[in-house]
Amino acid sequence: MVDRMQAPRGMKDILPDGVEPHFDSGLWDRILAASARTLDGYGYRRVWLPKVEETNLFARGIGEETDIVGKEMFTFERSGDSLTLRPEGTAGAARAYVEHNLHKTAPVQRWWYFGPMFRAERPQADRYRQFYQVGAELFGVASPLADAELLSMAWRWCAALGIEVAVGINTVGDDESRQRYRETLRAHWRAHAGELCANCRRRAQTNPMRVLDCKEDACSAVLDRAPDILEVLSDNARAHFERVCSLLGELGVRFARDRRLVRGLDYYTGTVFEFVAGGLGAQNAILGGGRYDNLVAQLGGPSTAAIGFAAGVERIARVMSQQKVLPRGPDLYIIPMSGAHVAAFRLADELRDQGHWRVEVDVGDGRLKKQMRRADRLRARTALVVGEDELASKRGRLKDLGVSSEVDVELTGSALNRALEKLMGAK
Ligand code: HAM
């Protein structure tokens, strides 16, 4: 017997009628369509970037000290080059911005992407080794207006997907404030070293801000008492953050300041944020992002302000499937009796041309009952049987599968188009 093959650990197939509801490709189509609509509506244009980059890009961009670069990269050698499957999309986007000299030709760029990211994490619920992100990056605008608009866009996108989120925001300050804050924190951690877990004790001196992100209960008391960055923020950084918060209020984005929010990537400067959804377990962050005003310069470009976010598609799909948001089935399922297939194909094509309807024609030769069951399973909105009688009279019965009623229709594309429009409009 030949061993059956399986997808690698932590990597999933996204199929029609997915193995689990949140791996259903129909649901993913809905997420992709809603993302394109919302982000396009704000002037973001879609980019496709390599899924593999030089390892150095991530080490320089995300930071050698981070878990992602230190422990989670899929890295390999090819012809003497060290390459890595991208663990996230921001470093590659900044690399492309610099490589194509966009700062000279069109410095303000609004980009979005949808694609797989790879992190060799220990797989667990809602944490995968290959996962998908929808991300948006805005280059070339330093104003707090950009922070507020991007956050409001992310908020409205979640609303368009029907997901309720709690928005946490913070600032990690400008370079000068961050430097001061690190020193303040180092002193605080030194004074309370005995109350920290081993991991935090190790990080307390090398990356003192990351300690704030520790989820261990043992550390929580000392973390809660840690100095707040607002105490050491420069006037500029403070004014920027206050303006972002007041703009968000005016735009109707509900948020809470989370003074322990620092994010797991080192490129952030200024505003940072995370969106959390109910219904998920420990891995409940569905979206994260912030300002990264130094990254373009770190990758060899001129000093360029930038801000962005990325959201995890698997987690969004799970929240949606829990809320019973279902993939959309065909608008019409045509069941041809023997000898009526070609007429059914023609009718389906006419209808697709007329109204961009999603029409599926049954090409099996099973019994009618079985074919109707298939229409139900696909969540088709309507069904139409086309047989000898229907072809002779040029009329058929359009069944509304949602409410089990039917209407008599002429079997032409335009008549069916009108009937479908009426039916869908009535819902
Ligand atoms: P991140 O917080 O590392 O940020 O990832 C963003 C989102 O991707 C998370 O909130 C989560 O929903 C999802 N995610 C991350 N890791 C996994 C995983 N192993 N399995 C499933 N989902 C996951 C970034 O990646 C930044 N590039 C965001 C950004 C864009 N900042 C500025 N621009």
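Counting starts at 1 for both ligands and their atoms, in listed order. Values reported hereafter were calculated over all heavy atoms of this structure, with side chains retained and with hydrogens, waters and symmetry mates removed.
Of all protein heavy atoms, the one lying nearest to atom 1 (P) of ligand 1 is R263 NH2, 3.5 Å. Taking atom 26 (C) of ligand 1 as the reference point, the nearest protein heavy-atom neighbour is Y267 OH, 3.3 Å. Nearest protein neighbour of atom 12 (O) of ligand 1, counting heavy atoms only, is A285 O, 2.9 Å.
Neither the backbone nor the side chain of M117 has any atom closer than 4.0 Å to an atom of ligand 1 (non-hydrogen atoms only). Residue contacts with ligand 1, taken as heavy atom pairs separated by less than 4.0 Å, involve R127 via backbone and side-chain atoms alike. Proximity of Q283 to ligand 1, defined as any heavy-atom pair under 4.0 Å, is not found for any part of the residue.
Shown in contact with I286 at under 4.0 Å from a heavy atom are these atoms of ligand 1, numbered in order with element: 10 (O), 12 (O). With ligand atoms numbered from 1 in the order given, ligand 1 contributes 10 (O), 28 (C), 29 (C) to contacts under 4.0 Å with heavy atoms of G288.
The number of heavy atoms from other shown groups lying within 6.0 Å of CZ (R260) is above 12.
R110 places no side-chain N or O within 3.5 Å of a backbone atom of L138 that could act as its donor or acceptor partner.
Close to ligand 1: D126, with a non-hydrogen atom less than 4.0 angstrom away.
By the 30° and 60° cut-offs, the orientation of the rings of Y132 relative to F114 is tilted.
For Y292, no nitrogen or oxygen atom sits less than 3.5 Å from a nitrogen or oxygen atom of ligand 1, counting backbone and side chain alike.
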